[in-house]
Amino acid sequence: MTHVVPADQSTQRAAQTETITVSRYAPFRSVAITIVNLTVFFLIWELIARAELINALFFPKASEMFAAIYNGFADGTIWPELSHSISNFMIGLAISIVIGIPVGLLMGASRVADLILSPYVWAMASLPRVALIPLLILIMGFDNSMQLTIIVLSAVFPIMVNCMAGVKTVDPSLLRAGRVFGTSRLQTYTKIILPFTLPFVISGVNQGIARGLVGMLIGELLGGGGNGLGFLLDRAGDQFDAPMLYAVLILLAVMSVGLIQSMRWLEQRAAPWRDTART
């Protein structure tokens, strides 16, 4: 006897199979699109440079830029400076996260803390970091601690502001439901406020990464010390070494994108429901 599958069930099974197949190959598709996109970009770059549409003194060939990266790592020019910048930045970002998230959550949850701290937080968040360099040099000198301080001051306030905004936008009905079910203050924070605020925390850290990289470059360019990617960028500009200058810019872009993608990966692990909602 032949079993006949209803049309709606067969359609549903086909859709489920298609969904599983798409989800299985989605990472490979993203990687393939990225590779093709970057390949086309650098090919266009190479063709424009070879056609000399822009002065080669300011716009070198992409092949020359990649050669500068390879030679810089081979002869030990790039790696010490890159290592210095990465270690400084990661330490500064970690300090910013440790300070910024708790203080931001406290300001969002406590009106008294908000009234006391918000004038200083907003003033420092809007203050240009370049203006702080002379003061930091006067206090700390041309030491590595000055570069680390400017990274922290650049990254910590966007994290604070986003965490504060996240707590203030928690749906009041969720808090009322928690009180109805008898949740304690600690459970309210861990089960309601923190999950709701997590997207704001991730967004704040992403903004902190961008601002922190700017602070890192400012500290290395203007703060002296003779180390870091900022110093390498400044030296390449002084020597009119366009391939090395573009090589440092590419390394900074890779560093920034890598950190942002790491935060996206962390968000997918910590809040998988957000990834499901986007799909």
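Treat the numbers as computed from the prediction; the structure is a model and nothing was measured.
- Atom CG of L245 is separated from atom CG of D238 by 10.0 Å, given to the nearest 0.5 angstrom.
- From I202, atom CD1 reaches atom CE of M263 across 4.0 Å, with rounding to the nearest 0.5 Å.
- Across every non-hydrogen atom of I78 and A68, the tightest pair is CD1-O, 4.0 Å.
- By the 6.0 Å contact criterion, CZ on F73 is enclosed, its count of non-hydrogen atoms from other residues, nucleotides or ligands being greater than 12.
- Atoms CG and CD1, on L217 and I150 in that order, are 12.0 Å from each other to the nearest 0.5 Å.
- Contact between F89 and G212 at its shortest, heavy atoms only, is CE1-C, 3.4 Å.
- The two residues A155 and G208 make their nearest non-hydrogen contact at CB-O, 3.3 Å.
- With a 4.5 Å cut-off on side-chain heavy atoms, Q207 and I159 do not count as touching.
- Scanning for side-chain hydrogen bond (donor to acceptor under 3.5 Å, both in side chains) contacts around S63 gives E46, with sequence neighbours left out.
- A distance of 11.5 Å separates CG in L47 from NZ in K61, rounded to the nearest 0.5 Å.
- Taking CZ from R211 and CD1 from I218, the interatomic distance works out to 10.5 Å, rounded to the nearest 0.5 Å.
- Between the side chain of N37 and the backbone N or O of I33 there is no donor-acceptor pair closer than 3.5 Å.
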Quick one: side chains of residues 93-108, donor-acceptor pairs under 3.5 Å with protein atoms, not counting sequence neighbours, listed by atom name and distance.
from: S96; atom 1: OG; to: G92; atom 2: O; distance (Å): 2.8

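- Under the side chain to side chain contact (heavy atoms under 4.5 Å, CB included) rule, S85 has a single partner from V248, L229, I151, N227, which is L229.
- Applying the 6.0 Å contact sphere to CD of Q239 captures more than 12 heavy atoms from other residues, nucleotides or ligands.
- Between the T149 side chain and the S145 main chain, a donor and an acceptor come within less than 3.5 Å of each other.
- The CE atom of M140 sits 8.5 Å away from atom CG of L148, with the distance rounded to the nearest 0.5 Å.
- For F42, the ring-ring contact (aromatic ring centres under 6.0 Å, His included) partners two or more places apart in sequence, or in a different chain, are W45, F66.
- With contacts defined as side-chain heavy-atom distances shorter than 4.5 Å, the pair T77/R235 qualifies.
- One hydrophobic cluster, built from ILVMFWY side chains closer than 4.5 Å, cannot hold both W79 and Y70; they sit in different ones.
- Listed here is the closest heavy atom pair of H84 and Q147: NE2-OE1, 3.1 Å.
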What donor-acceptor contacts under 3.5 angstrom involve side-chain atoms of residues 193-201, with partners at least two apart or in another chain?
from: T197; atom 1: OG1; to: I193; atom 2: O; distance (Å): 2.6

May I have the list of side-chain donor-acceptor pairs in residues 115-134 shorter than 3.5 Å, sequence neighbours left out?
from: S118; atom 1: OG; to: D114; atom 2: O; distance (Å): 2.6
from: S126; atom 1: OG; to: W122; atom 2: O; distance (Å): 2.9
from: S126; atom 1: OG; to: A123; atom 2: O; distance (Å): 3.2
from: R129; atom 1: NE; to: L153; atom 2: O; distance (Å): 3.1
from: R129; atom 1: NH1; to: M124; atom 2: O; distance (Å): 2.9
from: R129; atom 1: NH1; to: L127; atom 2: O; distance (Å): 2.2
from: R129; atom 1: NH2; to: M124; atom 2: O; distance (Å): 2.9
from: R129; atom 1: NH2; to: L153; atom 2: O; distance (Å): 3.4

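- Under the 4.5 Å side-chain contact rule for hydrophobic residues, I250 and L38 share a cluster.
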Hey, can you pull the donor-acceptor pairs under 3.5 Å for the side chains in residues 253-262, sequence neighbours left out?
from: S262; atom 1: OG; to: G258; atom 2: O; distance (Å): 2.8

